[in-house]
**Student:** 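Supplied in structure tokens, the structure appears directly below.
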Amino acid sequence: MDLYVAAFGFGLVGMSVIAIAAVGFTMQFGITNMINLAYGEVMISSAYVAYYVNKAGITIWVGMIAGALFGAVFSFLLNRFVYAPFQRKGTSHIGMVIVSLAVSLMIANLLLPIVGYYSVSYQDTTGGLLRAGGIVLTTNQIAIIGVAVVLMLLIHGLLRYTRLGKAMRATAANPTLARNCGIPTQRVIDSVWLITGALCGLAGVVAAMDSDSFAISNGAGFLITALAAAVLGGAGQPYGAMIGAVIIGMITELSAAAWAPEYKEVVAFGILVLVMVLRPQGLLSKRGALAAAG
Amino acid sequence: MEARPVPSLQAHGITSGYGGVPVIRDVSIAVGPGEVVAIIGPNGAGKSTLLKSLVGILKLDTGTILLGDDDVSGRPPEELARRGVGYVPQVNDIFEPLTVLENLEMGGYLLSSAQVRARVGEVGDVFPQLPPMLRRRADKLSGGERKMLAIARVLMLDPKVLILDEPTANLSPKLADSLLREHVRRLAGLGKAVLLVEQRARAALQVADWTSVLVSGSVRLEGKPAELLQRQDFEELFLGAGTDLAASEETNMEET
């Protein structure tokens with residue numbers, strides 16, 4: 001029983017990391033209609049930015065901010081100079097997916113000579129131990145949970161209560177009508193890439209913090225986990241991505257306790273496949289998914 | 001003979017379409033303050049294409065569009081909205097997943113928060129049915145409520161020119177009549193230039209000050225409704241297109 005309680009604690013951390021990544025991924029898709037398969041590589045690039053900041057003797061929490069800023073700027077530029085020109089030319093949806101896959105491979109291969117094959121880890125990322133019941137977490141893990149909760153509340157507040165957030169939802173629901181209302185949809189989309197890029201970068205850093213070590217090859221895994229949570233919750237649906245993250249994060253850790261850690265992702269993705277068969281539209285299905293947020 | 005007002009919006013010889021294939025050719029049209037101009041014609045005549053070209057959704061192949069004295073040809077929809085052109089499309093005319101209030105807020109996106117609050121109140125006076133349902137999601141509205149919201153959303157910016165694409169589509173004959181006679185006419189009475197595409201030709205003729213008949217992408221007839229009704233070639237144009245005024249009305253009633 002103690003094992004499961006401990007696994008529950010790790011599940012809380014895992015789902016926090018996945019939630020940050022999946023909400024950013026699903027918002028990108030919901031508003032800009034772009035399935036960005038380079039998301040995982042932007043995550044890992046941001047994790048490396050934080051690594052070099054941390055290696056210079058600066059605390060990882062500053063590194064996290066640097067990673068988020070890098071993710072925001074990188075994602076914004078990626079859209080402005082790669083994706084948007086293709087979209088303006090009328091490239092098909094599947095064509096855009098292939099473009100993002102190509103970008104993903106380019107980032108990984110450009111990064112490789114810089115960072116190398118070997119795994120690295122942040123310094124001073126564990127913090128002290130805190131125990132509650134059978135749950136044992138480091139202070140940094142608790143901080144990760146706190147960061148995720150604050151971010152999810154901020155995203156909710158943004159979409160539900162701010163002018164920009166409502167314009168994002170309007171643009172997601174009906175971009176042509178949004179333009180007819182005078183909404184500068186291009187500026188709204190730029191904001192979406194900045195915000196979701198920051199979430200992507202931040203998710204990369206916390207995912208790396210939550211691992212003992214990380215390497216350039218982890219980008220694909222980061223993407224698949226975010227993608228799984230987003231699809232499970234309903235593509236383009238931020239609250240769905242949060243629920244998807246809870247399910248994937250918790251099942252991953254509990255299955256590790258019940259079965260074997262090597263197969264935890266197999267169990268999680270097995271459940272994802274099952275959901276896709278029974279409810280292919282995801283758990284929170286609704287037309288104009290992101291627009292309905294709030 | 002009563003002269004038409006100085007145009008708020010006018011198009012001169014515009015040609016546009018999809019994928020390089022023109023749907024409307026050399027169309028000229030004008031609407032002035034306080035005037036209702038109806039564009040009628042059979043299905044496929046290019047009525048919606050004309051409106052999309054006027055509001056910047058479709059690019060012009062040739063021709064010019066003037067807003068007052070300013071040439072706004074090729075300007076994007078958001079700029080035309082800022083300059084006082086309000087457009088209600090035939091379908092996808094509201095943000096369905098947003099609430100009624102959020103739809104109105106998006107309609108008033110270019111205003112300050114205080115101005116939005118004030119305009120929501122003023123628009124609520126024009127459509128008294130809307131204020132009690134501000135918190136309701138727009139996709140839960142009935143057809144008539146939805147159309148009122150679509151027009152109210154556009155009114156948030158207090159546009160000089162109001163362009164309505166088949167506002168009575170999918171409404172019952174009674175609701176359609178009420179919308180055209182009460183609301184559309186009243187908006188013109190407030191000094192707005194109203195350009196109306198309408199499939200219910202007879203109903204449109206009853207509220208319009210000026211009517212253009214569009215057939216196969218070209219304006220074939222135009223004039224005051226009373227004069228058009230007396231012309232023999234008026235109904236022939238409809239008959240030639242495989243329909244007539246009465247049939248057009250009946251079809252619409254069946255559809256609703």
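Any value given below was found using the heavy atoms of this structure, including those in side chains, with hydrogens, waters and symmetry copies removed. Protein chains get the first letters and strands the later ones, always in sequence-line order, with residue 1 at the start of each.
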**Student:** Find the distance between CD (B/Glu78) and OG1 (A/Thr185) and round it off to the nearest 0.5 Å.
**Tutor:** 5.5 Å

**Student:** Which atoms form the tightest heavy-atom contact between A/Pro184 and B/Tyr109, and what is the distance?
**Tutor:** CD-CE2, 3.3 Å

**Student:** Give a yes or no on whether the backbone of B/Asp93 and the side-chain of A/Asn174 come within a donor-acceptor separation of less than 3.5 Å.
**Tutor:** no

**Student:** In Å and rounded to the nearest 0.5 Å, what is the CD1 to CG distance from B/Ile57 to A/Leu177?
**Tutor:** 8.5 Å

**Student:** Quick check on B/Pro76 against chain A: is it the side chain, the backbone, both or neither that has a heavy atom closer than 4.5 Å?
**Tutor:** both

**Student:** Check whether any side-chain heavy atom of A/Asn180 sits under 4.5 Å from a side-chain heavy atom of B/Val55, and report yes or no.
**Tutor:** yes

**Student:** Walk me through whether A/Arg163 and B/Glu102 qualify under salt bridge (charged side-chain N to carboxylate O under 4.0 Å, His left out).
**Tutor:** CA-CA 10 Å; A/Arg163 187 164 170 263; B/Glu102 287 170 339; over 6 Å; no

**Student:** Should the pair A/Arg169 and B/Phe95 be classed as cation-pi, given the thresholds of under 6.0 Å to the six-membered ring centre and 45° from the axis?
**Tutor:** no

**Student:** Is atom CZ of A/Phe86 surrounded by more than 12 heavy atoms (other residues, nucleotides or ligands) closer than 6.0 Å?
**Tutor:** no

**Student:** Roughly how far, to the nearest 0.5 Å, is the SG atom of A/Cys181 from the CG atom of B/Leu104?
**Tutor:** 10.0 Å

**Student:** Check each atom of B/Leu80 against the heavy atoms of chain A and say whether the ones under 4.5 Å are side chain, backbone, both or neither.
**Tutor:** neither

**Student:** With a sphere of 6.0 Å drawn around CG of B/Asp125, does it hold more than 12 non-hydrogen atoms of other residues, nucleotides or ligands?
**Tutor:** yes

**Student:** Tell me, please, which residues at least two apart from A/Leu101 pass side-chain contact (heavy atoms from CB on, under 4.5 Å).
**Tutor:** A/Leu37

**Student:** Look up atom NZ in A/Lys166 and atom CE in B/Met106, then write down how far apart they are to the nearest 0.5 Å.
**Tutor:** 6.5 Å

